[in-house]
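These numbers come from a predicted model, not from an experiment. Residue numbering restarts at 1 for every chain, and letters A, B, ... go by the order of the sequence lines.
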Protein chains: 2
Amino acid sequence: MVTISDVAKRSGLSKSTVSRVINNHPYISKEKRELVQKAMDELGYYPNPSARRLRGQLKSTMGVIVPRIVNPFFSYLVDAIEQTAYQNNYQLLIFQSNENKEKELSFLNLLKTRQVDGIIMTSVENNFEVIEPYTKYGPILFCNEYLTNTSVPKVKLDQSIGSYTGMKHLIDRGHTKIGYCTGGLFAEDGKDKDRNQGYQKALDEAGIPVNTNWIFINQHTIEDGKEVMKQILSMDDRPTAIFTGSDEIAAGVMIEAKDQGLTVPDDIAIVGFDDQPIAEMLDPKLTTIRQPISLMGEKAAEGLALMMQENAVNPKDVDLPVELIIRGST
Amino acid sequence: MVTISDVAKRSGLSKSTVSRVINNHPYISKEKRELVQKAMDELGYYPNPSARRLRGQLKSTMGVIVPRIVNPFFSYLVDAIEQTAYQNNYQLLIFQSNENKEKELSFLNLLKTRQVDGIIMTSVENNFEVIEPYTKYGPILFCNEYLTNTSVPKVKLDQSIGSYTGMKHLIDRGHTKIGYCTGGLFAEDGKDKDRNQGYQKALDEAGIPVNTNWIFINQHTIEDGKEVMKQILSMDDRPTAIFTGSDEIAAGVMIEAKDQGLTVPDDIAIVGFDDQPIAEMLDPKLTTIRQPISLMGEKAAEGLALMMQENAVNPKDVDLPVELIIRGST
DNA sequence: TTGTAAGCGTTATCAT
DNA sequence: ATGATAACGCTTACAA
């Protein structure tokens, strides 16, 4: 391994001078600077990150915690974050929590040992009491999911508008019996709270009461969607439309509906969420809420970069607009 | 930050003893070992990986290079690798090359500075002449894609059997005019060479000559698939079936075909590759070649783990069988 | 069985 | 403007 000493020897200068060149310090004669550069090039020298980190200088690594990388929402998000991080000369470490508290914690712990110098959390499993202590080891930023009433900067999508718009669309189409899937528990302050709000608001405005039979909690996958459809079919009083929490659930609902001989959107209208590639692959194509995932990733990476700088500033919270994409399923 | 010195002080012992406990050295009295453990627990001590790495001891990090994490094939592969790595107490760093030679190289470079202690390459952009030198800095393993005639261990799928089986299936169904998409250039020794072989073999056995008009090179995405279908529609002599290189291309072909009023499989039969979730979402559902992606990821991580051990052994090459899944599109 | 001290590659401090 | 040296946290001869 080529070290700074090798470069020093080769250029006939001291380690200090070489180090100064590497770190772009002022007060180095142009002449020596070039000498060092030449030696570095010839030797193919590249500074050892472990040493720099140990010494306390290197801040080059961002971490991002996702629940599941195979979920396209998150893989696209990670992709955007990675691109932006890379452009800003940060290396990105990707962590998969599997929605596991302990695993999430073990990743947060990497801040302590400076394995990562800042973390973007796209999901949050633990309470703020347990997360808060880690903020003193390095910057943390919420992206997508977040905790309320914290000082942690957030980059998020306007979920409540998303569900409001989707529901409104169904109501405008004449539906009054509308099913609703949520990834959370439909609780005041839990997961998907913002979406629940929008759902409520649309219903309230139209004077439609909530029918709790048609609320499906803890839904995530295609399989879940199929299951939902099965349940609906077993009901005496069925909804004529369903607002799902993701394109994947929507896909499951649609596949099962068609398998059971129903027609979409006549027998059941379906609205997705995300506008993933599958939305266009389904037949009929899926009406859905498009989320500017890439933009969100960019903003998050930029925000964290800001927090990781010398004189760090906490970036303002970012709220990104979502958009209703009307296709054949409604 | 809690350091080994703090633990030493707290337990009234020396740094060496603490270090020995951490590293499970023999010849430590049970008594002192417990003393150290207690101090570590009380202090919440966790060894600093940078220091250990610098010192030359830590081997805890695997890297995996993928072309694009948003490609489900690779996100599932990465997922499997990550799970296995985690179980073996390795941390996984995920790198996205974007099919860029320089980026791939910069990741390989991390071996030099011991940022990663071993690398799984799921795609390979550079020639072996440029990759080979890196093998002396740390173990490299090919997974999925690979270079022939190298000493680098491989974990791969039996691609040639995959395309052979898929083509055979179409031929058995009575097709003689069969289109073929490849991600490479249909060259003897380039990308997808194995698949090309299987394609040829099936055709040869049936005595069907290759029609180069129906060979589409450099195909990858849904958009590519749509384009392929458009080209086919503009032909006087059209194929009645098409063997695509991935479910995504297949999806594009199918979507465009249906948009243009064709019926699948009557007007055109389609075979995918991968058996991704979308295969079941399409209508009709997609006949495809299922690849044991998770198994491949496991084997790769296990193989690399073997190579990273004390007295490293190169694992045997692994060839995983693929399987034809017959659905409605053929 | 335990402790002392040197060294991994880098940068900050203090001289010069 | 440049150089010598100590220190970051850890492991390993070498001593005891």
Side-chain angles (χ1 to χ4, degrees), chain A residues 1-37 39-40 43-61 109-117 137-138 310, chain B residues 1-37 39-40 43-61 109-117 137-138 310:
Chain A
M1 162 179 276
V2 185
T3 77
I4 201 173
S5 301
D6 300 325
V7 178
K9 222 167 279 169
R10 176 106 182 190
S11 60
L13 296 164
S14 73
K15 289 196 297 178
S16 326
T17 305
V18 177
S19 173
R20 289 190 183 100
V21 171
I22 296 168
N23 295 281
N24 274 310
H25 280 250
Y27 310 128
I28 307 171
S29 67
K30 199 176 167 190
E31 176 199 6
K32 315 257 169 182
R33 184 186 298 277
E34 279 161 3
L35 231 48
V36 171
Q37 276 298 357
M40 295 204 299
L43 260 30
Y45 168 77
Y46 195 77
N48 182 316
S50 293
R52 303 181 87 180
R53 228 187 293 279
L54 182 58
R55 194 57 183 72
Q57 283 323 295
L58 193 63
K59 283 213 186 331
S60 68
T61 310
N109 252 305
L110 301 178
L111 278 176
K112 281 195 192 171
T113 50
R114 316 204 36 254
Q115 294 246 77
V116 295
D117 311 294
Y137 294 111
E310 200 69 39
Chain B
M1 163 179 274
V2 185
T3 76
I4 201 173
S5 301
D6 299 326
V7 178
K9 223 167 277 170
R10 176 104 180 191
S11 59
L13 295 164
S14 73
K15 290 197 295 177
S16 341
T17 305
V18 176
S19 173
R20 289 189 184 106
V21 171
I22 296 169
N23 295 282
N24 276 311
H25 280 248
Y27 311 127
I28 309 172
S29 67
K30 202 177 167 191
E31 177 198 6
K32 315 258 169 183
R33 184 186 299 275
E34 278 160 5
L35 232 47
V36 171
Q37 275 297 355
M40 295 204 300
L43 261 29
Y45 168 78
Y46 195 77
N48 182 316
S50 294
R52 303 181 85 180
R53 229 188 294 279
L54 183 57
R55 192 57 182 70
Q57 282 324 295
L58 192 62
K59 282 215 186 330
S60 69
T61 311
N109 251 305
L110 300 178
L111 279 176
K112 279 195 192 171
T113 51
R114 316 205 36 251
Q115 296 248 77
V116 296
D117 311 295
Y137 294 110
E310 199 69 40

Let's see if you can work this out: which of [options] has an atom nearest to the side-chain heavy atoms of [X]?
{"X": "A:R52", "options": "C:dT10, D:dG9, D:dC10", "result": "C:dT10"}
{"X": "B:T17", "options": "D:dC10, C:dT2, C:dT10", "result": "C:dT2"}
{"X": "A:S16", "options": "C:dG3, D:dT5, C:dA6", "result": "D:dT5"}
{"X": "A:Y27", "options": "D:dA1, D:dG9, C:dG3", "result": "D:dA1"}
{"X": "B:Y45", "options": "D:dC10, D:dT11, C:dT4", "result": "D:dC10"}

Whole angstrom value for the distance that separates [atom2] of [N] from [atom1] of [X]:
{"X": "B:I4", "N": "D:dT12", "atom1": "CD1", "atom2": "C1'", "result": "12 Å"}
{"X": "A:I28", "N": "C:dT11", "atom1": "CD1", "atom2": "C1'", "result": "13 Å"}
{"X": "B:I22", "N": "D:dT12", "atom1": "CD1", "atom2": "C1'", "result": "13 Å"}
{"X": "A:K9", "N": "D:dT2", "atom1": "NZ", "atom2": "P", "result": "20 Å"}
{"X": "A:E34", "N": "D:dA1", "atom1": "CD", "atom2": "P", "result": "15 Å"}
{"X": "B:N23", "N": "D:dT11", "atom1": "CG", "atom2": "P", "result": "5 Å"}
{"X": "B:N48", "N": "D:dA7", "atom1": "CG", "atom2": "P", "result": "18 Å"}
{"X": "A:Q115", "N": "D:dC10", "atom1": "CD", "atom2": "C1'", "result": "14 Å"}

Under 4.0 Å, heavy atoms only, any strand: does [X] hit a base, just the sugar-phosphate, or nothing?
{"X": "B:L54", "value": "base"}
{"X": "A:K15", "value": "base"}
{"X": "B:R20", "value": "base"}
{"X": "B:L13", "value": "sugar-phosphate"}

Practice task
Find the distance between CZ (A:R55) and OG (A:S19) and round it off to the nearest 0.5 Å.
Solution key: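 It is 9.0 Å, given to the nearest 0.5 Å.
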Practice task
Determine the sole option in A:N109, A:L110, A:L111 for which the side chain to side chain contact (heavy atoms under 4.5 Å, CB included) test with A:Y137 is passed.
Solution key: A:L111
Handout entry: Minimum-distance pair of heavy atoms, taken over all atoms of B:Y45 and B:T3
Key = CE1-C, 3.5 Å
Exercise for the section: Over all heavy atoms of both residues, which pair between A:M1 and B:T113 is shortest? Give the atoms and the distance, please. Expected result: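 Taking every non-hydrogen atom into account, CE-CA, 3.6 Å.
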Problem - Donor/acceptor link under 3.5 angstrom from A:R55 side chain onto base of C:dT11 - result: yes
Exercise for the section: Taking only the side-chain nitrogens and oxygens of A:T3, find out if one of them lies under 4.0 Å from OP1 or OP2 of C:dG9. Expected result: no
Practice task
May I ask you to evaluate whether B:H25 reaches the phosphate of D:dT11, defined as a side-chain N or O under 4.0 Å from OP1 or OP2?
Solution key: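 Checking D:dT11 against B:H25, no side-chain N or O comes under 4.0 Å of OP1 or OP2.
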Handout entry: Donor-acceptor contact present, side-chain A:N48 to main-chain A:S50, <3.5 Å
Key = yes
